[in-house]
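Worksheet: the structure to be examined is printed underneath.
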There are 2 protein chains.
Amino acid sequence: MTKIKESSTYNANREIVLQECPVTYVMNKIGGHWKPIILYHLLSGSKRYSEIKRAMPHISEKMLIQHLKQLENDNLLTREAKPVVPPYVTYTLTESGKELDSVIKAMSMWAFKDMKRNRVEEPVC
Amino acid sequence: MTKIKESSTYNANREIVLQECPVTYVMNKIGGHWKPIILYHLLSGSKRYSEIKRAMPHISEKMLIQHLKQLENDNLLTREAKPVVPPYVTYTLTESGKELDSVIKAMSMWAFKDMKRNRVEEPVC
DNA sequence: CAGCATCCGCAAGGATACTG
DNA sequence: CAGTATCCTTGCGGATGCTG
């Protein structure tokens with residue numbers, strides 16, 4: 001998307017109205033196919049890199065690392081590397097990240113209801 | 001992503017465990033940057049095409065139409081075209097779509113909290 | 001084990017012009 | 001007004017090989 005700093009529209013009285021949008025804020029942080037799934041797995045507790053990878057067999061290593069970094073930069077999780085051989089790296093949700101459980105849980109509940117309504121199977125991660 | 005029908009991992013007892021994931025189900029329906037934002041705008045009631053467009057100045061027409069179609073195919077909204085000139089088309093959430101308000105509201109609430117925590121402005125749609 | 005570097009194909013998405 | 005159609009670019013994301 002072309003980066004636009006400001007954007008405007010008009011209300012019925014032809015006054016300029018900035019369209020503010022909390023959902024856009026969320027999508028900028030956890031948008032994309034994989035991020036909510038990563039968060040979903042970390043909600044049950046800190047996990048090692050290999051554990052997350054095993055839990056998400058469909059994601060490539062490149063994408064997993066990339067998204068973990070972005071989530072770290074956005075302060076949703078922290079990365080802790082123990083200085084041992086072989087490496088031992090764990091990822092843990094921050095307070096911000098943990099609070100996303102309300103979003104993830106709402107997603108899960110809706111999913112179960114909708115899958116039942118449409119009589120479909122739950123997909124693999 | 002390469003399409004893989006089945007995928008497996010193992011638990012501590014070396015039993016095969018399928019990783020099922022409700023979040024993946026949700027992301028398959030409302031993943032991508034724009035869909036949750038479209039839903040957000042429709043939660044306040046049915047809207048004409050032009051109203052949605054005006055509310056989302058950053059999305060291109062092509063993307064908007066494309067995502068509206070996909071949401072319609074996924075039974076999250078319905079499209080109703082009045083046979084008049086000029087055309088009058090309204091988009092309305094289905095029952096499934098309306099039930100996503102729990103997800104969208106959880107997103108919004110988290111956004112407000114996180115924006116306050118990080119002292120940032122609310123972005124434009 | 002937990003990554004990083006590089007190459008590269010392809011599809012998502014932008015820009016533009018046209019229409020019932 | 002509410003879209004289609006077409007072209008074209010960008011960058012997502014896969015594949016592969018290497019490393020502290």
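Proteins come first, then strands; the chains are lettered A, B, ... in the order of their sequence lines, and each starts at number 1.
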Q: Could you please name the option among D:dC1, C:dA2, C:dC1 that lies closest to any side-chain atom of A:P86?
A: C:dC1
Q: Scan A:P87 against the nucleic acid and name what it touches under 4.0 Å (heavy atoms): base, sugar-phosphate only, or nothing.
A: base
(Q) Can you measure A:H67 atom NE2 to D:dG13 atom C1' for me and round it to whole angstrom units? (A) 9 Å
Q: State whether A:R79 places a side-chain N or O below 4.0 Å from either non-bridging phosphate oxygen (OP1 or OP2) of C:dG3.
A: yes
Q: Can you tell me the distance, in whole Å, between the CH2 atom of B:W34 and the C1' atom of C:dG13?
A: 11 Å
Q) Can A:L43 be reached from B:V103 by stepping across I, L, V, M, F, W or Y side chains whose heavy atoms are under 4.5 Å apart? A) yes
Q) So does A:S60 get a side-chain nitrogen or oxygen closer than 4.0 Å to the phosphate oxygens (OP1/OP2) of D:dG14? A) yes
(Q) If I take atom CE in residue B:M56 and atom P in nucleotide C:dG14, what distance separates them, rounded to the nearest angstrom? (A) 11 Å
(Q) I'd like to know if the side chain of A:T90 reaches the main chain of A:R48, judged simply by a donor and an acceptor atom lying under 3.5 Å from each other, with no hydrogens or angles considered. (A) no
Q: Following the transitive rule for hydrophobic clusters with a side-chain heavy-atom cut-off under 4.5 Å over Ile, Leu, Val, Met, Phe, Trp and Tyr, establish whether A:Y88 and A:I52 coincide in one cluster.
A: no
Q: Rounded to the nearest angstrom, tell me the gap between atom CD1 in A:I59 and atom P in D:dG13.
A: 9 Å
Q | Hydrophobic cluster membership, B:V89 vs B:V85, 4.5 Å side-chain cutoff | A | no
**Q.** B:W110 side chain vs A:S96 backbone, donor-acceptor pair below 3.5 Å
**A.** yes
Q: Return the value, rounded to whole Å, for the distance between atom CD of A:Q66 and atom P of D:dC12.
A: 7 Å
Q. Side-chain N or O of A:R48 less than 4.0 angstrom from OP1 or OP2 on C:dC1?
A. no
Q) B:K35 has an atom NZ; how far is it from atom P of C:dA12, in whole Å? A) 11 Å
Q. Are there more than 12 heavy atoms of other residues, nucleotides or ligands under 6.0 Å from atom CE of A:M109?
A. no
**Q.** B:H33 NE2 - D:dC12 P separation (whole Å)
**A.** 13 Å
Q: Take atom CG of B:L64 and atom P of C:dG13, then tell me their distance rounded to the nearest Å.
A: 13 Å
Under 3.5 Å between N/O atoms: give me all the protein pairs with nucleotides 4-6 of chain D, atom names plus distance.
| from | atom 1 | to | atom 2 | distance (Å) |
| --- | --- | --- | --- | --- |
| D:dT4 | OP1 | B:K69 | NZ | 3.2 |

Q: Could you walk me through whether B:M107 and A:M107 pass the side chain to side chain contact (heavy atoms under 4.5 Å, CB included) test, one step at a time?
A: CA-CA 10 Å; B:M107 285 184 178; A:M107 284 184 178; 4.0 Å; yes
